[in-house]
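Here is the structure we will look at, set down as structure tokens.
Atoms within a ligand are numbered from 1 in the order they appear, just like the ligands themselves. We number each residue from 1, following the sequence as shown.
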Amino acid sequence: MSDDASIHHRGLSDTLLAVRDATFVRGDTVILDHVSLAVRRAERWALIGPNGAGKSTLISLLAATEHPTRGTVEVLGYRLGRVDMRELRAHVGLVTSRYPLTSALDAMSVVLTGATGTLEWVPRWTPTSEQVRRARTLLTQFGLDPDRGLRWPTMSQGERGRTLIARALMPDPAILLLDEATTGLDVAAREQLLTTMDGLSRSHPDLGTVTVTHHFEELPASTTHAMLLREGRVVAAGDADAVLTSAAVSDAFAHPIEIARTGGRWTARATSAG
Ligand code: ADP
Ligand code: MG
């Protein structure tokens with residue numbers, strides 16, 4: 001399975017990700033318990049739950065970096081375990097808050113490593129003019145000046161976040177996964193990143209996205225669907241407005257929480273009475 005052309009996603013059905021009855025066990029711990037999820041083209045999913053609920057583990061299945069212990073995961077119609085995972089990964093953009101880059105690459109170089117799928121710059125690799133053009137366009141789209149020479153070690157968290165989304169989009173993936181990409185940002189940087197994500201609905205309308213968070217204020221207004229996870233189990237999943245109710249969220253967080261949606265955005269407030 002070395003032929004890169006063997007995985008196509010343009011002509012595939014609308015289902016980008018299909019998790020069926022997936023259970024993930026490590027040692028004696030059931031981390032995901034019979035989880036099912038289907039993400040279709042143009043759907044913007046929010047994956048929400050308390051710390052330790054299994055959100056990052058589910059993301060690692062969707063990103064084709066882990067296999068389920070039981071059940072199946074299909075990425076672009078290809079079943080994990082039956083296809084070269086590395087090939088699939090090229091079609092899935094992944095942004096996490098932990099990005100272990102240590103060298104002082106500038107923003108353009110970081111984005112261009114998305115084309116090689118590597119953390120560091122590949123020695124003696126030269127990007128094509130088309131790749132350079134694409135990297136410039138993506139950075140500009142996210143409000144970063146490609147000519148500023150901004151270097152990774154001195155970038156703000158917000159600049160890093162936007163650079164990493166641009167990097168993830170470099171290979172033109174069908175799916176974009178963000179695992180707590182807005183965590184730790186100040187309010188201005190968070191809002192800028194959320195604007196970036198809302199902009200994706202227009203610039204990349206076919207993209208399917210899954211955004212992980214445990215803060216409702218960090219959900220982009222463009223969110224269409226949501227899944228609530230608690231202790232590895234699905235509390236609710238489907239249309240965002242149907243799922244993100246005070247009752248379901250209180251259940252997921254085992255705490256009385258009042259949810260409101262205003263102007264597309266969500267807020268959560270702890271209530272005293274259960
Ligand atoms: P979340 O992202 O929702 O905070 P995770 O998916 O990171 O949750 O983890 C879910 C649970 O599984 C946590 O209790 C975590 O400690 C545990 N866990 C995650 N990965 C492993 C692993 N490889 N081995 C054992 N336990 C793990
Ligand atoms: Mg996590």
Shortest heavy-atom approach to atom 8 (O) of ligand 1 - which of S60, G49, G27, G54: G54
Of the listed options P50, G52, S56, closest to atom 2 (O) of ligand 1 (non-hydrogen atoms): S56
Side-chain touch E180/R98, heavy atoms, less than 4.5 angstrom: no
Heavy-atom check, side chain of Y99 versus side chain of R167, under 4.5 Å: yes
Ligand 1 atoms in contact with T57 (distance to a heavy atom under 4.0 Å): 5 (P), 6 (O), 9 (O)
Protein heavy-atom partner closest to atom 26 (N) of ligand 1 - residue, atom, separation in Å: I31 CD1, 3.6 Å
Any side-chain heavy-atom pair of V75 and H91 under 4.5 Å: no
Protein non-hydrogen atom found under 4.0 Å from atom 15 (C) of ligand 1: no
Taking atom 23 (N) of ligand 1 as the reference point, the nearest protein heavy atom with its distance: R26 CG, 3.8 Å
Atom indices of ligand 1, in the order listed, that fall short of 4.0 Å to a heavy atom of N51: 4 (O)
Side-chain heavy atoms of F24 within contact of L61, under 4.5 Å: yes
N/O/S from T57 sitting under 2.8 Å away from the Mg ion (ligand 2): no
Residue pair I175 / L76, side-chain heavy-atom distance below 4.5 Å: yes
Side chains of L193 and T182 in contact at under 4.5 Å (non-hydrogen atoms): yes
